[in-house]
Amino acid sequence: MDSIVKEIGIKNKINQLMLEGKAESEKKARQEKYINYQKVQKQNKIFNLIELEVQNAKFLLNRGFDYKDITEEIHQLKEWEEFSVRGIVGTKFRILTDRNLSSTSILLDELLKRTSNRLNKISIENQQLSRTQEKIDSLVAEKNLYYVPTDSVAREIYRLQSLKMSTDIDLVSERLKNAVDSIQALEIMGDQLKFKIDTDIIENDRLRKTEVNQLFTKKVPVFGNLDIKKLMVEDPLTFSLKTNYLVVYFYLINNRNSIIMMLILILGTAIYFKLQKRKFLDFGYKEDMLININMLNSPIASAILVILNLYQFILPMPPLIFSIMMWTISTITLTIIMWRSINTFIWKIWVAIFILNLIAFFDIIILIHFVGESFLILAINCLGIAIGIYAFINRSKIQRKVYFWYIIVAAIFQFFSFYYLVNGHYNLSKFLMTKAVYIIIVVFSLYSTFTIVKEINMISKTLAKIDEDKRKKTILGIPHRFTLGFYLILFLSCFLLMIRNTYTFQSIIDPFRNTISEPRNIGNITFTFENILIFILVILLSSFVSKVVSFLASDNQIIKDKNKNKNFGSWLFLSRIAIVTLGILVAFASAGIPLDRITLIISALGVGIGFGMQSLVNNLISGLIIAFEKPVSLDDIIEVGTQSGKMKSIGIRSSVVTTFDGADVVIPNGELLNQNLTNWTLGSSSRRSEIRFGVAYGTDLELTKKLLFEILEKNKNVLMKPMPAIWFTKFGDSSIDLVLKYWISHFDFDNDTRSELIIAIDKALKENNIVIPFSQQDVHIISKEIEPKPDSETEI
């Protein structure tokens, strides 16, 4: 270029400068155009984001929030709160009953939980709407949104977008503002109610603690007249019934899964007891022979009694009124069980205890003290003391001394209850009266429950040893001789049930409950010890139910028809798999573990399962194949490898075969499918058998064949269709050999039928002078002359 400039001169220099200026101006124009493009792009992006948030806001608003129902629910909670504290907070009554304070505490805790749940729901909705409004406001405040493009087309587009945005935002913002205002009003109402309930709980706890501290010192005029109608709108009985109804209602709603599981267990146990009873009746036992066995004498009542008394230790802290309802049901079922199996003297005492329970149940329902209730407590005291005196006078007639001692202890409690009531200690008197009545009920119920549990084991062993040919005798009940450990467990169980609804026990156990229910974190995983315990209990429960089903499946006396029994056993096996699977799923759900985590856990353990547990998985899958394909069923006669016998049970991992020698052989399901399996009874129970022997040469073969056919026709186990066959097979060394081939109706009759036929054949042949020859052999003796030895050698 320099050389060109020198040749051209200064004129070209000026042209160059002009060209550079033009390039610079083009550069600025292009940069300005690029910047304008970038601003328009950012602006369009903001418009799109605003449109997205507007659509989200419309979705939230159209989805709606149930303001009316939530408002009504908060008002309902407020009414319940006012009802719960009526006569408690503010100390309107001269006597604050412990039952009323306890019921109020339960109701307030429930109302606080429900209010907190509603507030959480309101807060989530409020946060969603407020967050959407905040995003819209922040996007509208962006400065790039208000850049006006220089291009005429882009400018017109910007005008239309701005107009649409303004219209949409105005409509949505107004609706969002109204929704947020309404939700905030609900939130304020809920916060006020929560604060009021918190205050009531603190005051109620203070009153409960005061009453406990003054239990032996505070005296009140329990027989003084008091116009309760001036203090309450309802009469004491109506108020008490409504309060108890709310307590039971909230408990049933909160623990409906546990209650449903309890009902299922009662139904399953009742069916099991009925099946056991039917087995004894099928074996020839009469109803009066089973009267000493509670689970056979009254299967349904025994099932209700056992499950109610054992399950009450699993239920999460039931209120006293619910426990008393369960104990009253136990009393009714125990009365049904005792109807025919108890002696007259004990029956009289039990009827008196039953009546005492009903009267005490009515008194415990009453939460507000009045004069009539004081006289009712005195009547209960007198009846309880009279029962104790009557039992003491006739103590020699009471065989189970544990009943006698607890009746005496209850009578002593009734005496002290009478004494303290007369001296003005109302709460202490009612506490002692309640424990005096229900300590007898609980002891009778638990004792009978433990007895029935022992009967289950005894009955199972008895069924295994029954001989159908022997004369049936009355089955004796469980001998009531228990160890010291049993009575210690009975005492501790009774003591726990008696004190668990008291304020002292709850104040001790609540910190522990709060500890195990407190959420804990390991990384992103949140868990509680309570959920872990629930998980373990559900797994153990499902395993127990599965084992009960396994017991039923392994018992061939459930259904006597063979074909039905095979199908029944297969369905029972599939039911066991379903129970275990359902138990695992319920355990995860009860423990609060999301079910989608199961997939992650299985994926993480997939490699380990594939290699380390290959054999186990093979057996499990083989069990499913056996259940659906049914190459073998219960009671089939099979041969697997060197083992042969009857199929006793089909398990999830392995199956049990009972050999003909009486041994139980456990065979993994994988081996049943992998080895050569011979099933003699798969398609049919009939089997072809044969007998081989020979007759002497010279025998009339036609006569022999005729005699054998007659013998086969006379045997009841030999089938004529298909027709038996008699074949003469060969001329043997010492006989003409023949074979009898015949079909029998069932594999089990093979050996017996063969023995009967051999005896009949031997007898018929002897009567017709037909000989079954012995094996004959000619023995040739070859003698050789032996040279005599020398004399010297002979002498030696």
Side-chain angles (χ1 to χ4, degrees), residues 84-108 200-226 228 231-232 236-237 239-241 243-244 247 319-324 356 359-382 384-385 409-410 412-439 495 497-508 510:
S84 301
V85 299
R86 191 175 301 168
I88 298 298
V89 178
T91 317
K92 294 183 179 180
F93 296 102
R94 290 182 296 178
I95 301 177
L96 291 176
T97 66
D98 179 70
R99 283 279 297 114
N100 195 11
L101 290 171
S102 301
S103 300
T104 302
S105 177
I106 295 172
L107 290 179
L108 290 177
D200 294 339
I201 289 176
I202 294 173
E203 178 65 15
N204 188 75
D205 288 343
R206 184 189 67 81
L207 292 174
R208 290 189 72 186
K209 186 176 181 180
T210 302
E211 290 298 325
V212 171
N213 293 334
Q214 298 177 355
L215 193 62
F216 291 91
T217 58
K218 183 179 179 179
K219 294 184 178 182
V220 293
V222 294
F223 296 102
N225 291 322
L226 182 64
I228 300 177
L231 301 176
M232 299 183 62
L237 184 58
F239 172 81
S240 301
L241 289 175
T243 302
N244 286 298
V247 170
L320 179 61
I321 184 64
F322 187 80
S323 296
I324 290 176
L356 187 66
I359 300 173
F361 180 70
F362 175 76
D363 181 72
I364 291 170
I365 291 176
I366 300 174
L367 303 179
I368 303 298
H369 171 263
F370 57 95
V371 178
E373 192 209 1
S374 298
F375 289 103
L376 182 61
I377 294 176
L378 289 179
I380 295 173
N381 296 151
C382 294
I385 294 171
V409 170
I412 296 173
F413 280 12
Q414 294 285 12
F415 174 79
F416 282 104
S417 174
F418 183 94
Y419 171 79
Y420 283 115
L421 183 64
V422 172
N423 286 274
H425 299 283
Y426 169 80
N427 283 326
L428 179 58
S429 173
K430 190 166 184 177
F431 173 81
L432 291 174
M433 182 274 294
T434 303
K435 304 312 173 188
V437 172
Y438 288 100
I439 193 175
F495 180 76
L497 295 176
M498 290 295 103
I499 69 167
R500 70 176 178 179
N501 293 107
T502 62
Y503 176 77
T504 303
F505 179 80
Q506 292 178 356
S507 61
I508 295 173
D510 282 345

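Looking at Tyr419 and Leu428, their side chains never come closer than 4.5 Å, going by heavy atoms from C-beta outward. The shortest side-chain heavy-atom distance between Phe416 and His425 does not fall under the 4.5 Å cut-off. In this structure, the side chains of Ile377 and Ser417 come closer than 4.5 Å at one or more pairs of heavy atoms.
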Exercise for review: Check the pair Asn100 / Phe239 against side-chain contact (heavy atoms from CB on, under 4.5 Å), numbers first and verdict last.
Suggested key: CA-CA 10 Å; Asn100 195 11; Phe239 172 81; 3.9 Å; yes
Exercise for review: Before giving the answer on salt bridge (Lys or Arg N to Asp or Glu O under 4.0 Å), spell out for Arg206 and Glu203 the whole-Å C-alpha distance, their side-chain angles and the decisive distance to 0.1 Å.
Suggested key: CA-CA 5 Å; Arg206 184 189 67 81; Glu203 178 65 15; 2.6 Å; yes
Exercise for review: Walk me through it: do Val85 and Leu108 pass the test side-chain contact (heavy atoms from CB on, under 4.5 Å)?
Suggested key: CA-CA 8 Å; Val85 299; Leu108 290 177; 4.0 Å; yes
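No more than 12 heavy-atom neighbours from other residues, nucleotides or ligands sit within 6.0 angstrom of CZ on Phe413.
For the atom pair CG of Leu107 and CG of Asn244, the computed distance is 9.0 Å after rounding to the nearest 0.5 Å. Rounding to the nearest 0.5 angstrom, the gap separating the OG1 atom in Thr97 from the CZ atom in Phe431 is 14.5 Å. Note that CG of Asp205 and OG1 of Thr210 are 10.5 Å apart. Values are rounded to the nearest 0.5 Å. To the nearest 0.5 Å, atom CG of residue Leu101 and atom CG of residue Asn427 are 7.5 Å apart. Here Leu376 contributes atom CG and Lys430 contributes atom NZ; the two are 8.5 Å apart, rounded to the nearest 0.5 Å. Considering CG of Asn204 and OG of Ser84, their distance stands at 9.5 Å, rounded to 0.5 Å.
Across Leu320 and Arg99, no two heavy atoms sit closer than the pair CD2-CD, 3.6 Å. Pairing each heavy atom of Gln414 with each of Gly384, the nearest pair is CG-CA, 4.0 Å. Taking both residues in full, the closest heavy atoms of Ser323 and Arg500 are given as OG-NH2, 3.6 Å, listed atom of the first, atom of the second, then distance. In this structure, Met498 and Tyr438 approach most closely via the heavy-atom pair CE-O, 3.8 Å. Contact record, Ile385 with Phe415: CD1-CA, 3.7 Å, taken as the closest heavy-atom pair. Of all heavy-atom pairs between Arg208 and Asn501, the closest is NH2-O, 4.4 Å.
With sequence neighbours excluded, the residues forming a side chain to side chain contact (heavy atoms under 4.5 Å, CB included) with Phe418 are Leu378, Asn381, Cys382, Val422, listed by chain and number.
Between the side chain of Ser429 and the main chain of Tyr420, no donor-acceptor pair closer than 3.5 Å is present.
Across Asp363, Ile365, Ile364, a single residue satisfies side chain to side chain contact (heavy atoms under 4.5 Å, CB included) together with Phe361, and that is Ile365.
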